[in-house]
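Remarks on the structure that follows.
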Amino acid sequence: MENCLFCKIIAGDIPSAKVYEDEFCYAFRDINPQAPTHILVVPKQHVASIAEISALPADTLCALMGAIGKIAAQEGLSNGFRVVSNCGPDACQSVPHLHFHILGGRQMADQMA
Ligand code: DGP
C-alpha cells in the first residue's frame with residue numbers, strides 16, 4: 001500500500017533488521033526497543049490493524065501465528081515472551097499496518113496496561 005511505512009519495509013525500500021521472512025509474513029527488529037528482544041511481525045498483505053484481521057486469508061493467519069513461535073525459539077526466548085498488537089488510538093497504535101510485537105529477554109510487568 002502506497003505511503004505505508006511497513007509496506008515500504010517489506011518491499012525493502014526502507015532498511016530493516018530482518019529476523020524472519022516467509023511467503024506471507026516478515027519480521028524485523030523494532031527501531032525503539034522496549035525489551036532486550038523486541039521484534040515486529042507483519043503480514044505482507046496490508047491490513048490496518050487486528051480489527052481487520054478477518055480480511056486476511058487463512059494461510060496468512062496461520063503463517064503469522066506460526067512465525068511468532070518460530071521467532072521466539074530462534075531468539076532463544078525459552079523463559080517466555082509477550083505478544084502485543086496495539087489497535088487504534090486508545091491503544092496508541094502508531095503504524096496503521098497490522099503488527100505483532102514480540103517482547104522478551106526480561107521480566108515483564110504483571111499488569112497488561
Ligand atoms: P505501534 O505503536 O504498536 O503501532 O508500534 C509501532 C512500532 O513500530 C513502534 O514500536 C516503533 C516501530 N517503528 C516505527 N518506525 C519504524 C521503522 O522505521 N523501523 C523499525 N524497525 N521500526 C519502526
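Remember, it's 1-based here, ligands and their atoms both numbered in the order they're listed. Heavy-atom basis, side chains included; hydrogens, waters and symmetry copies ignored.
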- Message: Which heavy atom of Leu77 sits nearest to which heavy atom of Gly105, and what is that distance?
- Response: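 Between these two residues, the closest heavy atoms are CD2-N, 3.7 Å.
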- Query: Where the closest heavy atom to atom 13 (N) of ligand 1 is concerned, which of Asn86, Leu98, Ile31, Leu103 has it?
  - Reply: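 Of the listed residues, Ile31 has the closest heavy atom.
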- Query: Which is closest to atom 11 (C) of ligand 1 in terms of heavy atoms, Leu40, Asn32, Asp30?
  - Reply: Asp30
Without swapping roles, check the side chain of [X] against the backbone of [Y] for a donor-acceptor pair under 3.5 Å.
{"X": "Lys44", "Y": "Asp22", "answer": "yes"}
{"X": "Arg82", "Y": "His101", "answer": "no"}
{"X": "Gln74", "Y": "Val19", "answer": "yes"}

- Message: Students should be able to answer this: which protein heavy-atom is nearest to atom 4 (O) of ligand 1, and at what distance?
- Response: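 Looking only at protein heavy atoms, the one closest to atom 4 (O) of ligand 1 is Ser94 N, 2.7 Å.
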- Query: Would Leu98 and Met65 show up in the same hydrophobic cluster when neighbours are defined by side-chain heavy atoms closer than 4.5 Å?
  - Reply: yes
- Task: Take the angle between the ring planes of Phe6 and His99 and call it parallel below 30°, perpendicular above 60°, tilted in between.
- Result: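 It falls in the perpendicular class, over 60°.
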- Task: State the atoms of ligand 1, each with its element, that fall below the 4.0 Å cut-off from a heavy-atom position in Val95.
- Result: 4 (O), 6 (C)
- Would you mind running through ligand 1 and noting each atom that sits below 4.0 Å from a heavy atom of Gln93? 4 (O)
Under a heavy-atom criterion of less than 4.0 Å, does [X] contact ligand 1?
{"X": "Ile14", "value": "no"}
{"X": "Gln34", "value": "no"}
{"X": "Ile9", "value": "yes"}

Specify side chain, backbone, both or neither for [X], according to which of its non-hydrogen atoms lie closer than 4.0 Å to ligand 1.
{"X": "Phe6", "result": "side chain"}
{"X": "Val84", "result": "neither"}
{"X": "Cys92", "result": "backbone"}

